[in-house]
Amino acid sequence: MKFSLPRQAIILAALSLLPGVGQAIYFRDKISWQSPIPPSEMVRVDQAREWGDSTIWIDARPDDQFARDHVPGAILLNEDRWNELLPQFLAVWSPGKKIVVYCSAQSCDLAREVAERLRKEAQLPDVFVLEGGWEAWLKKNR
């Protein structure tokens with residue numbers, strides 16, 4: 001069976017797309033379709049630590065991960081229990097405090113979501129997402 005050159009090229013192109021399509025289907029829930037966090041809303045571990053007592057650390061991870069370990073003094077505030085936990089956070093917050101939100105890793109969107117809600121719904125200024133998340137904190141502090 002002979003195929004013409006254009007037909008061979010089409011078949012080859014279609015076959016080369018199969019792994020990408022398969023990967024997109026398999027990993028569809030692990031791909032972040034949101035735009036990257038603007039640099040002005042990010043903070044490195046070293047920067048946040050320099051802010052000292054003027055920083056409130058927010059852990060956006062699930063309850064069980066927070067219970068295992070977290071940044072010393074961090075407050076749990078996640079999407080799952082937002083309405084329950086927000087009043088507890090607001091009782092601690094005061095004007096002039098910088099808020100640093102983190103989740104498991106850079107690829108985790110939980111911190112971004114909590115930070116956005118703090119900015120928009122609670123209308124709080126100075127809300128940052130920790131670059132590298134919990135993993136970055138561990139690397140710098142253990």
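The analysis underlying the following values was restricted to heavy atoms, covering all of them including side chains, and did not include hydrogens, waters or symmetry mates.
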* To do: May I have all residue pairs that pass side-chain hydrogen bond (donor to acceptor under 3.5 Å, both in side chains) and include part of residues 88-99, sequence neighbours excluded?
  => none

* Closest heavy-atom contact between Arg61 and Leu110? -> CA-CD1, 4.3 Å

* Asked: CZ/Arg81 to CG/Leu86 distance, rounded to the nearest 0.5 angstrom?
  -> 12.5 Å

* **Minimal non-hydrogen separation, Glu79 against Arg117, with atom names** => OE2-CD, 3.1 Å

* Structure fact -> Nearest heavy-atom contact between Ile56 and Val92 is CD1-O, 4.1 Å

* Asked: Just wondering, more than 12 heavy atoms not from Asp64 lying within 6.0 Å of its CG?
  -> yes

* To do: Nearest 0.5 Å please: distance from the CZ atom of Arg49 over to the NZ atom of Lys140.
  => 8.0 Å

* Over all heavy atoms of both residues, which pair between Asn78 and Ala60 is shortest? Give the atoms and the distance, please. => CB-O, 3.4 Å

* Once you round to the nearest 0.5 Å, how far does CD of Glu113 lie from SG of Cys108? -> 8.0 Å

* **Atom pair CG/CG of Leu85 and Asp80 - distance to nearest 0.5 Å** => 9.5 Å

* Structure fact -> Tightest non-hydrogen contact, residues Ala111 and Cys103, listed as N-SG, 3.5 Å

* Between Ser104 and Gln65, does any side-chain donor sit less than 3.5 Å from a side-chain acceptor? -> yes

* To do: State which residue, out of Leu118, Asp126, Leu77, Ile75, fulfils the side chain to side chain contact (heavy atoms under 4.5 Å, CB included) condition with Ile99.
  => Leu118

* Rest of the hydrophobic cluster containing Trp134 (Ile/Leu/Val/Met/Phe/Trp/Tyr, side-chain heavy atoms under 4.5 Å)? -> Val43, Val45, Trp51, Trp57, Val71, Val100, Tyr102, Phe128, Leu130, Trp137, Leu138

* Asked: With side chains defined as the heavy atoms from C-beta onward, is the minimum distance between Glu121 and Glu116 less than 4.5 Å?
  -> no

* Within 6.0 Å of CZ in Arg44, more than 12 heavy atoms from elsewhere -> no

* Asked: Which value, rounded to the nearest 0.5 Å, describes the distance between Leu5 atom CG and Ile10 atom CD1?
  -> 10.0 Å

* Can you find a heavy atom in the side chain of His70 that is under 4.5 Å from one in the side chain of Asp59? -> yes

* Asked: Checking Arg119 side chain against Pro125 main chain: does a donor-acceptor pair fall under 3.5 Å?
  -> no

